[in-house]
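What follows is one structure encoded as C-alpha cells, with my remarks underneath.
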Amino acid sequence: MKLRSVLTALALVLGALFAPGVGVLASAGEAHAVTKISHATATSMFRSSGITWSSSGGCSNRNVATCTSFDQLNLATAQGAQTLKSASGCALNITGGTETGHASGTYSHWNGYKLDFAKATCLTSYVKNTFAYIGVRGDGAPQWKSGAGNVYADEGNHWDVTFYNCGGC
C-alpha cells in the first residue's frame with residue numbers, strides 16, 4: 001500500500017474520531033442534527049475545491065429528476081466531497097445531488113446525505129485501494145466503507161456515496 005494511502009486513511013479515521021458529534025459513540029444508524037445549505041453555497045464550495053458537477057437535464061431544480069440540485073444538501077456532505085477530493089487527488093464530477101428520483105430513506109439523496117460521482121479510473125482505484133470492502137447492498141451494488149464511516153456503492157456507471165459525516169474535514 002502506498003504511503004499516501006496509509007496517511008490518508010489514518011487522517012480520515014482520526015478526523016472521524018475527533019469530529020464534533022461523530023466518532024466512536026455515534027453509529028451510522030443514529031441521526032444527528034444537520035446543517036442544510038443552499039445550491040449556491042454548495043456550488044461555491046465545490047468550485048473552490050475544483051469539484052465539477054453536471055446534469056443530464058442541464059438544470060438544478062430539486063423537483064426535476066433530470067436536474068442536479070444541491071438545495072438542502074447537508075453541510076457535512078459537501079465537506080465530505082471536498083475531503084474526498086483533497087485526499088484522493090482525483091478529478092470529481094458530481095452527477096446526482098438532492099433532486100427527486102432517487103431511492104427514499106433517512107440517509108437518502110433527498111435528505112442531503114448522498115451524492116453521485118461519475119465513474120473515473122482514479123476515483124475507482126482510490127476507493128477500492130483505500131477503503132474496506134463491506135459486501136453488496138440489497139440491490140447488488142458492491143460497497144466500500146471509509147475509515148470515517150462513509151459508504152461508497154458502485155452502481156455500475158457511477159459511485160453512490162453516503163456521507164454520514166465530513167470524512168475528517
| Closest heavy-atom contact between Cys67 and Ser55? | CA-OG, 3.3 Å
| message | For a quick test of reading the model, state the closest non-hydrogen atom pair linking Ser49 to Lys85 and the distance between them. | response | O-CE, 3.3 Å
| query | So how far is it from Ser146 OG to Asn165 CG, rounded to the nearest 0.5 Å? | reply | 6.5 Å
| message | Measuring from atom CD of Gln79 to atom CG of Asn74, what distance do you get when rounded to the nearest 0.5 angstrom? | response | 10.0 Å
| query | What about Val64 and Leu115, same hydrophobic cluster or not, with Ile/Leu/Val/Met/Phe/Trp/Tyr joined at side-chain heavy-atom distances under 4.5 Å? | reply | no
| query | Are Ile37 and Trp110 linked, directly or through other ILVMFWY residues, by side chains that come within less than 4.5 angstrom of each other? | reply | no
| message | Please tell me whether Asn93 and Thr52 have a donor and an acceptor in their side chains that are separated by less than 3.5 angstrom. | response | yes
| remark: On a heavy-atom basis, the closest approach of Ala65 and Gly101 is CB-CA, 4.2 Å
| If you round to the nearest 0.5 Å, how far is CD of Glu155 from CZ of Arg137? | 4.5 Å
| note | Smallest heavy-atom separation, Gly156 atom then Lys119 atom, equals O-NZ, 3.0 Å
| Are any side-chain N or O atoms of Gln143 and backbone N or O atoms of Ile134, one a donor and one an acceptor, separated by less than 3.5 Å? | no
| Of all heavy-atom pairs between Gly97 and His109, which one has the smallest distance, and what is that distance? | O-ND1, 2.8 Å
| message | For Tyr113 and Tyr164, take the angle between the two ring planes, folded into 0 to 90°, and tell me which bin it lands in: parallel under 30, tilted 30 to 60, perpendicular over 60. | response | tilted
| Parallel, tilted or perpendicular: rings of Phe46 and Phe70 (30°, 60°) | perpendicular
| query | To the nearest 0.5 Å, how far apart are CG in Asn129 and OG in Ser88? | reply | 12.5 Å
| request: Kindly compute the distance separating CG (Asp154) from OG1 (Thr124), expressed to the nearest 0.5 Å. | output: 6.5 Å
| field | Backbone of Thr95 reached by a side-chain donor or acceptor of Ser54 within 3.5 Å | value | no
| said: Once rounded to the nearest 0.5 Å, what's the spacing between atom CG of Leu92 and atom SG of Cys122? | reply: 8.0 Å
| field | Option from Arg62, Lys36, Lys114, Gln72 for which side chain to side chain donor-acceptor pair (under 3.5 Å) with Thr98 holds | value | Arg62
| Cys59 versus Glu99: any side-chain heavy-atom pair under 4.5 Å? | no
| query | For His158, which residues count as a ring-ring contact (aromatic ring centres under 6.0 Å, His included) partner, sequence neighbours excluded? | reply | none
| message | Can you give me the closest heavy-atom contact between His102 and Asp116, atom names plus distance? | response | CE1-OD2, 3.4 Å
| Does the side chain of Val151 reach to within under 4.5 Å of the side chain of Tyr107, using non-hydrogen atoms? | no
| Do Phe131 and Tyr126 make the cut of ring centroids closer than 6.0 angstrom? | yes
| task | Please examine the side chains of Tyr152 and Leu84, heavy atoms only from C-beta on, and report whether any two atoms are closer than 4.5 Å. | result | yes
